[in-house]
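Down below is the structure, laid out as structure tokens.
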2 protein chains.
Amino acid sequence: MAKRPRIADVAAAAGVSTATVSMVLNGTGGRRIGAETSHRVRQAAESLGYRPNSVARGLRTRRTQMIGFIGDDVATTPFAGQMIRGAHDAAKDAGHLLLMTDTGGDPGEIAEAVEALQQRQTDGLVIATMYHQVVELPESAAALPHVLLNSRPARGGCSWTAPDEKGGSEAVLSELTALGHTRIAHLTTAEDVPAKHLRAETWRDLAGPEAADLYREVPSASTPHGYAGALELLRRADRPTAVFCFNDRMAMGLYRAAAELGLSLPDDLSVVSYDDQELIAPALHPGLTSAALPHYDMGRWAVEELLRRMSEPGAEPAGRLMPCPVARRDSTAPPA
Amino acid sequence: MAKRPRIADVAAAAGVSTATVSMVLNGTGGRRIGAETSHRVRQAAESLGYRPNSVARGLRTRRTQMIGFIGDDVATTPFAGQMIRGAHDAAKDAGHLLLMTDTGGDPGEIAEAVEALQQRQTDGLVIATMYHQVVELPESAAALPHVLLNSRPARGGCSWTAPDEKGGSEAVLSELTALGHTRIAHLTTAEDVPAKHLRAETWRDLAGPEAADLYREVPSASTPHGYAGALELLRRADRPTAVFCFNDRMAMGLYRAAAELGLSLPDDLSVVSYDDQELIAPALHPGLTSAALPHYDMGRWAVEELLRRMSEPGAEPAGRLMPCPVARRDSTAPPA
DNA sequence: CTGAAAGCGCTAACAA
DNA sequence: TTGTTAGCGCTTTCAG
């Protein structure tokens, strides 16, 4: 196995200087290279299997074709992996690779992560959170172009993308109202996160005052809590005809509660939800109608925006609410 | 915002040469540096906030402190993210970062990915698959130390780690036999993957010949197919007292089938399964006893092994079957 | 004990 | 139209 050829090897093989090789291979240097020379160089590079060493190139050009991806535990959350994939695909399309770090959820560690990535000369930073939230960035981050993924900046000044919770909630609620439901409950979590407030507000607006008492908060957005909350909601004499669950995990608890109470879905009760987790929403029976969190799209957008900002440094930072398309399944029907 | 200081800046500040700075900061050069000089250098570096530029260092030392991570769609699979996390954590502990690529499942793309990572001078490669399988590596991979994650090499010669499917199956089946079950069914998939065969063989060995007719294969390991298969298994007159499901998704289907047939878990039927997916196993009711796929541990081991092989290039490749601990919940009881 | 200098592989001025 | 040369920021002989 021969050693990797260097630019000097192809220069020698083509009988030109390394500068010429560099120029033809990079398409730089305008129209100053003769067609014949150019061809010979390409030929030589090809036959030697030459690949430029990007470390050396990076040292020279100060661009490494790597994007730093900082997560707050991103790899942990099942669906958040789609954010990585979206970011990865967009990066790859532009000839970049993702250099990953995880802070393990410790906001203090983010400055450290920025430092490590800066040291490696990543061209830019994507800072991702697994849940939609507001983040406070260390000022060291400002040294590099960066965009926030699945969260908003506390102090502005940088691009960000987050799910359009209001739009998704409206869409999923209108599945219910379009069928004629008027008594629509909301089963949600007590956790203080943007998603909770945005979904609840939208419900309040669309379900109207007559639904005001059909609101139930439980300590966490888990299946057991969803079950418990659903039980209370569904045992009432003036039981709702439909419920909008904060997320699929809670809806999974509600399915069980409904089954235990002898309610058949969707005839006795319609259900819609949020997140569209692939392990849950299509696996429940009947299939759960749910607004999808656009993780892949957000991931893609984040690095596309990053690349744009890298190429035009003067541009204004952009914020983008990503649409949450509803995955329609079989958990809704007209009220009985 | 000042520019990042270079080594020359700290050399100037400390009144020494850059060589000296390099030596004290890297602890290289043995005892040849005076304690006082050493202190002054550190002081200067500290106060300037100096961080060595790892691109420049990489060019010189040919080590980048980056490990290439090639996945076949890794970020896509919900639980496989834990492999990334394990790999990431081990890398971080050793001062390395993960440079990620995804082949999108196309085996042809793996050579391309190896090329891209090699060009970036990653110190080694982790090649991960989301499902336990046998992989054929392009020979270009041999140029770099590499280890297989969640799969075995077709031709040997490299280190690998995969789940101990037999051990996990035994453990989970013995939950059943210990309770006195003798009629234990196996509900599995027709897909031709190592996990399917290993789990089924173990079941055949432990459940004994009297269970031979309690075997049911369905086209895929999904919830709907699990439901359909379970229905057939549970409708039989000589219904099993327990079932070992290929995975949690199928078990989820079985739960529904049991409920529809009026069987109460675990009293009328015990269930154990495999994968221990966090969105499913603990969320079902009753909680599902399941053998966990040790994704995190495998990820960690893979990079630890990689680092070991990088430091002792002569060492023999190692293979490691990672234990699958059983997560005990409430889906088992003695036979009625 | 420390400094000078070479060079990792590449690109971009500047010459020719 | 092409070649020469000077670095990018660091580590590492080799002199002193």
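The sequence lines fix the lettering, A, B, ..., with proteins before strands; numbering per chain opens at 1. We use all heavy atoms of the structure for the numbers below, so side chains are in, but hydrogens, waters and symmetry mates are not.
- Regarding contacts with the backbone of dT4(D), every side-chain N or O of S17(A) stays at 4.0 angstrom or more from both OP1 and OP2.
- Taking for each of L59(B) and V21(A) the nucleotide of DNA chain C with the nearest heavy atom, the 5'-most of the two is the partner of L59(B).
- Not one side-chain nitrogen or oxygen of T37(A) sits closer than 4.0 Å to the OP1 or OP2 atom of dT1(D).
- The existence of a salt bridge linking R300(B) and E304(B) is confirmed by a sub-4.0 Å separation between a basic side-chain nitrogen and an acidic carboxylate oxygen.
- For the pair R57(A) and dG9(C), the criterion of a side-chain N or O lying under 4.0 Å from OP1 or OP2 is not met.
- A straight line from CE of M23(B) to C1' of dT13(D) spans 9 Å, rounded to a whole angstrom.
- The CD-P distance, from Q119(B) to dC10(C), rounds to 10 Å in whole Å.
- Between the CG atom of D9(A) and the C1' atom of dC8(C) there is a distance of 14 Å, given to the nearest Å.
- Here N53(A) does not reach the OP1 or OP2 of dC8(C): none of its side-chain N or O atoms lies under 4.0 Å away.
- D102(B) contributes a side-chain N or O that, together with a main-chain N or O of D73(B), makes up a donor-acceptor pair within less than 3.5 Å.
- Distance L25(B) CG to dT11(D) P: 8 Å, rounded to the nearest Å.
- Checked by atom type, the side-chain pair Q43(A)/R40(A) shows no donor-acceptor distance below 3.5 Å.
- At a threshold of 4.5 Å between non-hydrogen side-chain atoms, the residues I84(B) and F69(B) count as touching.
- One atom, CG of N26(B), and another, P of dG9(D), lie 17 Å apart when rounded to the nearest Å.
- Across the protein-nucleic acid pair, R51(A) atom CZ and dC10(C) atom P stand 13 Å apart, rounded to whole Å.
- Looking at R4(A) and E115(B), a side-chain N of the basic residue comes within less than 4.0 Å of a carboxylate O on the acidic one, giving a salt bridge.
- Scanning residues 60-68 of chain A for heavy-atom distances under 4.0 Å to DNA chain D yields R60(A), R62(A).
- With dA12(C), dG9(C), dT11(D) as the candidates, the nucleotide lying closest to the side chain of A56(A) is dG9(C).
- Separating the CD atom of Q118(B) from the C1' atom of dG9(C) is a distance of 16 Å, rounded to the nearest angstrom.
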Apply side-chain contact (heavy atoms from CB on, under 4.5 Å) to the pair M310(A) and R63(A), showing each step before the final yes or no. CA-CA 11 Å; M310(A) 279 161 39; R63(A) 313 202 66 242; 3.0 Å; yes

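- Residue T18(B) places no side-chain N or O under 4.0 Å from the OP1 or OP2 atom of dT11(D).
- Listed by chain and residue number, nothing satisfies the side chain to side chain donor-acceptor pair (under 3.5 Å) test with T18(A) (two or more places apart in sequence, or in another chain).
- Taking atom CD1 of residue I7(A) and atom P of nucleotide dG3(D), one finds them 12 Å apart after rounding to whole Å.
- Using a 4.0 Å cut-off, no side-chain N or O of S22(A) falls inside it from OP1 or OP2 of dC10(C).
- V16(A) comes within 4.0 angstrom of sugar-phosphate atoms only, judged by non-hydrogen atoms across all strands, and of no base.
- Distances shorter than 4.0 Å separate none of the side-chain N or O atoms of Y50(B) from OP1 or OP2 on dG9(D).
- Heavy atoms of other residues, nucleotides or ligands lying less than 6.0 angstrom from CD of E46(B) number 12 at most.
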